[in-house]
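Contents: one structure, followed by commentary.
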Amino acid sequence: RGELDEALRIRQEEELPVYEKLGDVRSRAVTLGQIADILYQRGELDEALRIRQEEQLPVYEKIGDVRSRAVTLGKIADILFARGEIDEALRIRQEEELPVYDKLRDAQAALVCKAEIAINLLGRNRQGDAAEAAALLEAAYADAARLRLPETGQIRQIQKQLGLDVR
């Protein structure tokens with residue numbers, strides 16, 4: 001409902017202390033991620049990034065949760081992109097996030113990541129980025145169509161909004 005201040009208060013003052021008291025490090029990390037999401041929505045990018053890098057990511061690394069680590073890296077890339085640090089956002093997505101989804105054979109997460117890489121490339125807008133982005137979006141679309149995923153329509157819509165030649 002858009003009540004970010006109240007949601008943040010509940011997460012920080014009511015939910016987080018319960019997990020800390022129980023010693024539930026994974027649930028604490030998930031809640032910290034939800035807090036970072038709220039901060040991101042409020043435009044508090046530095047604090048959202050700090051939480052993700054210093055408090056959430058190390059937990060997933062310590063407990064060996066590679067999928068949650070990859071998702072968190074994607075959220076870090078989102079923040080970096082929003083801050084204009086596009087090259088680092090792309091590096092994270094291409095070198096750290098996408099390989100995990102490929103290794104886990106998570107086609108849906110991989111195609112979403114490819115679409116995010118394409119959007120980042122278009123945001124960077126260097127020579128060759130548009131062609132690479134178009135190829136990534138087409139590959140993501142083909143994967144989504146093959147798997148009959150709802151992302152098919154979303155990817156096609158992105159392609160059309162970007163003026164890419166789609167059949």
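All residue numbers refer to positions in the sequence shown, counting from 1. Only this structure's heavy atoms are used, side chains among them; waters, hydrogens and symmetry mates stay out.
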When you check the gap from the basic side-chain N to the acidic O, do R52 and E47 get nearer than 4.0 Å?
no
Nearest non-hydrogen partners of L98 and A110, listed with the distance
CD1-O, 3.7 Å
Using a 4.5 Å cut-off on heavy atoms from C-beta on, say whether the side chain of D46 contacts that of R83.
yes
Residues R146 and D143 bridged, charged N to O under 4.0 Å
yes
Same apolar cluster: F81 and L122, side chain cutoff 4.5 Å
no
Check A107 against L147 and note the closest heavy-atom contact, atom names and distance.
CB-CD1, 3.3 Å
Quick one: does L137's side chain get under 4.5 Å of L162's, heavy atoms only?
yes
Check Y40 against L45 and note the closest heavy-atom contact, atom names and distance.
CD1-CD2, 3.5 Å
NZ of K160 to CD1 of I158, rounded to nearest 0.5 Å, is 12.5 Å
Validation row: D87, R126 side chains within 4.5 angstrom (heavy atoms):
yes
Under the side chain to side chain contact (heavy atoms under 4.5 Å, CB included) test, residues paired with D65 that sit two or more places apart
R26, Y60, I63, R67, S68
I'd like to check L149 versus L111 (side-chain heavy atoms, cut-off strictly below 4.5 Å). Are they in contact?
yes
Counting C-beta onward and ignoring hydrogens, is there a side-chain heavy-atom pair between K75 and Q56 closer than 4.5 Å?
no
Minimum heavy-atom separation for L39 and A48, please, with both atom names.
CB-CB, 4.0 Å
Measuring from R124:CZ to E85:CD, what's the distance to the nearest 0.5 Å?
14.0 Å
Listed partners of I92 passing side chain to side chain contact (heavy atoms under 4.5 Å, CB included), at least two apart:
L73, I76, A77, L80, E88, E96
When rounded to the nearest 0.5 angstrom, what distance separates NZ in K114 from CG in L121?
13.5 Å
For residues I117 and L90, report the shortest heavy-atom separation together with the two atoms involved.
O-CD2, 3.7 Å
Work out which heavy atom in P99 is nearest to a heavy atom in Q94; give both atom names and the distance.
CD-O, 3.4 Å
Report whether V112 and V71 are members of the same hydrophobic cluster (ILVMFWY, side-chain heavy atoms less than 4.5 Å apart, transitive linking).
no
Please round to the nearest 0.5 Å and tell me the distance separating atom CG of L57 and atom CD of E61.
4.0 Å
Report the C-alpha distance between E116 and E97 in whole Å, list the side-chain angles of each, state the deciding distance to 0.1 Å, and finish with yes or no for side-chain contact (heavy atoms from CB on, under 4.5 Å).
CA-CA 11 Å; E116 291 290 341; E97 183 184 10; 5.9 Å; no
